[in-house]
There are 2 protein chains.
Amino acid sequence: MPRFVSRTPAITDVAKLAGVSVPTVSRVLTGSVPVSTERRERVLRAIQELGYRPNGAARALIKGHQSVIAVLAGATTRYGYALTIQGIEEAARLAGYIVMITVIEAEDPDTVTKTIDLALANPVAGVIVLKFDPAGIATVRAMPSGVPVVAVAGSRGSGVPHVVLDDTTAAMTATDYLLQLGHRTVHHIAVPLAGRRSGRSAGWRKALERAGAEIPPLMEAGWDPHRAYEIGLTLADRDDVTAVLCGNDELAIGLLRALHEKGRRVPDEISVVGFDGHPLGALWSPALTTVQQDFVDVGRRAFREVVAMIGNEQPPQNSSGTPHLVIRESSGPPPEAKRR
Amino acid sequence: MPRFVSRTPAITDVAKLAGVSVPTVSRVLTGSVPVSTERRERVLRAIQELGYRPNGAARALIKGHQSVIAVLAGATTRYGYALTIQGIEEAARLAGYIVMITVIEAEDPDTVTKTIDLALANPVAGVIVLKFDPAGIATVRAMPSGVPVVAVAGSRGSGVPHVVLDDTTAAMTATDYLLQLGHRTVHHIAVPLAGRRSGRSAGWRKALERAGAEIPPLMEAGWDPHRAYEIGLTLADRDDVTAVLCGNDELAIGLLRALHEKGRRVPDEISVVGFDGHPLGALWSPALTTVQQDFVDVGRRAFREVVAMIGNEQPPQNSSGTPHLVIRESSGPPPEAKRR
DNA sequence: CACACGGATGATAACGTTTTCATGGGAGGC
DNA sequence: GCCTCCCATGAAAACGTTATCATCCGTGTG
C-alpha cells in the first residue's frame with residue numbers, strides 16, 4: 001500500500017534528479033518545444049521514479065484559463081436531472097473540460113449563497129444551473145455577475161442565457177391530445193413549480209383554457225411517486241376523472257399503481273399520461289404514454305452555450321428542444337365515448 | 001448581458017482601488033486576521049465595484065491541499081451509480097469538498113488512460129472509482145500511484161482500498177430465499193460482470209452449489225432492460241423456469257413485462273427477484289421483491305475513506321454494507337409446492 | 001517617564017508551473 | 001576558415017494568492 005509523503009514531488013525535484021533545468025522538464029511535459037532524445041529519456045525516467053504528476057493548480061494559474069464547468073442542481077438522481085448532467089459531462093469531456101457537481105439542498109438564501117460560494121471557491125470557467133425547481137430558480141437569481149452562467153430550464157427566462165426544453169408546449173401537446181380523444185377535461189398531478197407562468201403546469205392550464213374546458217384544482221405531489229400513489233387512491237373513487245396528466249413519469253407510475261390496486265382499468269376507464277420518457281415507463285403494464293424530452297441534448301446545448309460565453313463568442317443558435325408525444329397503452333378515449 | 005473582459009480583476013486591482021496593500025485585501029477575504037472597520041469597508045466596496053472573485057487556482061497553489069474529489073464511473077444515470085454519486089457529493093459538500101465527475105466510456109486501455117489523464121490534469125485531492133463494471137476495473141488497474149484512490153465495489157479487491165457493498169452475500173441471500181421457498185433451482189439474468197469470483201453472479205452460483213442445485217447457464221443482458229425483456233419472452237415458454245434472480249431491478253422490470261405479455265402469472269407460476277431496491281420496483285404490479293443496497297451510504301463511506309487517505313490518517317472502520325432482502329409481491333413458492 | 005506589549009499594516013517570500021528572453025554551440029554556406 | 005543562422009538549453013520573470021516577518025503606532029504598566 002503506497003504511503004503519501006508529506007511533500008509531493010515537484011518539477012524541481014524531477015529536474016534535479018534528471019540533471020536538467022526546470023524548463024526542460026516542462027518542455028518534455030508539454031511537448032511544446034523539442035528536447036534532445038537523451039535528455040527527454042532522463043526526464044521521463046525521473047518522472048517515473050518519483051511518481052511525479054504536474055500540479056494542476058500551478059498550471060491553471062499560469063494558463064489563465066480554467067477548464068472546469070460547475071453544475072449546480074437541486075438533485076442529481078432524478079431522471080431528467082441525471083440525463084441532463086450526462087449530456088453536459090459527455091460534451092465537456094469531449095472538449096477537454098471537466099464537470100464539477102454541486103447539489104443545492106434548499107432554496108433559502110443562506111443555503112444557496114453558501115453552496116454557490118463553495119462551488120465558486122474553485123477555479124471555474126463557467127457555470128450551468130439546472131433550473132428545474134425552486135432551488136434552481138433561487139440559484140440563478142443569486143449567481144454573482146462576472147461568471148459565465150447558463151440556465152437549463154423548462155422554459156425561457158431572463159437574467160442569464162437560458163437553454164430550454166419547451167415544457168409549456170409539451171404539456172399543451174399532451175393535454176390537447178387527451179382533449180381530442182374526447183375527455184371533457186384533464187386532471188393534473190404536478191411536480192414542484194419552476195415558474196408560475198411557464199412550465200408543465202402552465203402548459204396544461206393554457207391548453208384547458210384555450211379549449212374552454214373546466215380547470216380542475218392542481219394536485220401537487222412534489223417529487224415523490226408515493227405521494228402520487230396516495231393521490232391516486234382518492235382519485236380512483238371519483239367518476240369524473242377520466243384523464244390525468246402527471247408532472248413526470250415517476251408520478252405517473254405511482255398513480256398507475258394506485259389505480260391498479262383499486263381495480264380501475266387503464267386506459268379504458270382512466271387515461272394516464274406521464275412526462276419525460278423514462279425508459280421504465282415503456283415496460284409498465286400498461287405501457288406509459290409520455291412526453292419524451294431530450295435531456296441529454298439540452299445538456300450538450302448548455303455546455304456549448306457556456307463555452308461560447310467563456311470565449312466571448314457568438315452563442316450557437318439556441319433552438320429549444322422539440323419534445324414529442326409517445327403514445328403507448330395508458331391513454332385512450334374516455335368511457336362515455338366508447339359507449340356510444 | 002454582462003461582458004467578460006479580457007483580464008479579470010485580480011487582488012492587486014482591488015488593493016489599488018481601495019488604497020490598501022494586497023495582503024490586507026487577502027485578510028479581508030479570508031478573515032484570518034482582523035482588519036480595521038474602515039479599511040474593510042473600502043476593500044469590500046472595491047470588490048463589489050470590480051466584481052472581483054478570488055482566483056481559485058492561485059489559492060489552491062499556495063494552500064497546497066486541494067479540495068476536489070474526482071469520481072470516475074462507467075455511467076452516472078443508472079440507479080446504483082447515481083445514488084452512490086449522490087452519497088459522495090453529499091458527504092463531500094458537508095466537508096467543504098467539491099466533486100468532479102468523469103465518465104469512463106470504454107474499458108480499452110487507451111480510453112481509460114486518456115480519461116484518467118483528463119481528470120488528473122486538474123488539481124485533485126483524491127479519487128473515487130466506481131468499480132461496478134469492466135470499465136471501472138480497468139480504471140482502478142490503470143490508476144497511477146501517488147494519488148489517493150478508493151474503489152467502490154460490489155466485493156473486496158486488491159491494489160487500492162475498497163469500500164464495498166457485499167454483492168456476493170446479497171445474491172446468496174436472495175438465492176437461498178428462493179430455494180427455501182421450494183424452487184428446484186434459480187435462473188439468473190446478469191448485469192455485466194465486475195469480477196469472476198465475486199459479485200452478484202458469483203453469489204448466485206455459490207448458493208446453488210452449496211444447496212446442490214442445478215446451475216443453469218447464466219444469461220447476460222448487459223444493462224439494457226429491453227434485453228431482459230427479450231430474454232423474458234423466451235423464458236416464458238419454458239416450464240422448468242420457476243424462479244429468476246435478476247442482476248438489477250431494471251432488468252427485473254423488463255422480465256416482468258415479458259412474462260405479463262405472455263400471460264405468465266407472477267409469482268404463482270414464476271418468481272422474480274431484483275437487485276438494488278429501485279423505488280419504482282415497489283410500485284410495480286406485482287411489486288418487486290428485491291435486495292436493497294444502501295448506495296448512498298457506500299458513497300459516504302468512500303468519501304470518508306479517501307479523506308482519511310489524503311490526511312494519512314487511520315481509515316475509518318470499513319464495515320461493508322448490509323444488504324437486506326425486501327420481500328414484496330413478485331416472489332413465492334413454485335407451482336408444484338402449491339399443488340401439494 | 002521609560003518600557004514592554006499587542007494589534008494593525010505593509011513589504012517580501014513562497015507556492016509550482018509555463019513563458020519569455022538570452023546564451024551557447026554546432027551546422028552549413030561562402 | 002569565418003560568418004551566419006538555427007536549435008537546444010538555462011536563467012529569470014510571471015501568474016494571483018497567502019504566509020511570514022518586520023515595522024509602526026498606541027496603550028497600559030512599573
Report the distance from atom [atom1] of [X] to atom [atom2] of [N], rounded to the nearest whole Å.
X: B:I62; N: D:dA19; atom1: CD1; atom2: C1'; answer: 6 Å
X: A:I47; N: C:dT17; atom1: CD1; atom2: C1'; answer: 13 Å
X: A:R59; N: C:dT18; atom1: CZ; atom2: C1'; answer: 9 Å
X: B:R40; N: C:dG7; atom1: CZ; atom2: P; answer: 15 Å
X: B:N55; N: C:dG16; atom1: CG; atom2: P; answer: 16 Å
X: A:L29; N: C:dG16; atom1: CG; atom2: C1'; answer: 12 Å
X: A:I11; N: D:dC15; atom1: CD1; atom2: P; answer: 19 Å
X: B:R42; N: C:dG10; atom1: CZ; atom2: C1'; answer: 14 Å

Could you work out, with side chain to side chain donor-acceptor pair (under 3.5 Å) as the rule, every residue matching B:E49, not counting sequence neighbours?
none
Sequence neighbours excluded, the answer for side chain to side chain donor-acceptor pair (under 3.5 Å) partners of B:T30 is B:S32
[X]: partners by side chain to side chain contact (heavy atoms under 4.5 Å, CB included), with sequence neighbours left out:
X: A:R304; answer: A:R300, A:R301, A:P316
X: A:S155; answer: A:T168, A:S198
X: A:D294; answer: A:V296, A:D297

Judged by each residue's nearest nucleotide on DNA chain C, which is more toward the 5′ side, A:R53 or B:E38?
B:E38
For A:Y52, give me all partners under ring-ring contact (aromatic ring centres under 6.0 Å, His included), at least two apart in sequence or on another chain.
none
Name the closest nucleotide to the [X] side chain, picking from [options].
X: A:K63; options: C:dT19, C:dA14, C:dG16; result: C:dT19
X: A:S36; options: D:dT9, C:dT9, D:dT17; result: D:dT9
X: B:T30; options: D:dA8, D:dT18, C:dT18; result: D:dT18
X: A:V35; options: D:dT17, C:dT19, D:dT9; result: D:dT9

If we fit an axis to the first five pairs and another to the last five of the helix from C:dC1-D:dG30 to C:dC30-D:dG1, what angle do they make, to the nearest 10°?
50°
Quick one: which protein N/O atoms are closer than 3.5 Å to N/O atoms of nucleotides 10-12 of chain D? Pair and distance per line, please.
residue	atom	partner	partner atom	Å
D:dG10	OP1	A:R39	NH1	2.9
D:dG10	OP2	A:S21	N	3.2
D:dG10	OP2	A:S21	OG	2.9
D:dG10	OP2	A:T24	OG1	2.7
D:dG10	N7	A:R27	NH2	2.5

ring-ring contact (aromatic ring centres under 6.0 Å, His included) contacts in which one or both residues fall within residues 19-51 of chain B, not counting sequence neighbours
none
d(B:I85 CD1, B:I101 CD1) to nearest 0.5 Å is 4.0 Å
Please evaluate residues A:Y81 and A:D133 with respect to the criterion side-chain contact (heavy atoms from CB on, under 4.5 Å), reporting the C-alpha separation (whole Å), side-chain torsions for both, the decisive distance (0.1 Å), and the verdict.
CA-CA 11 Å; A:Y81 292 68; A:D133 50 35; 2.6 Å; yes
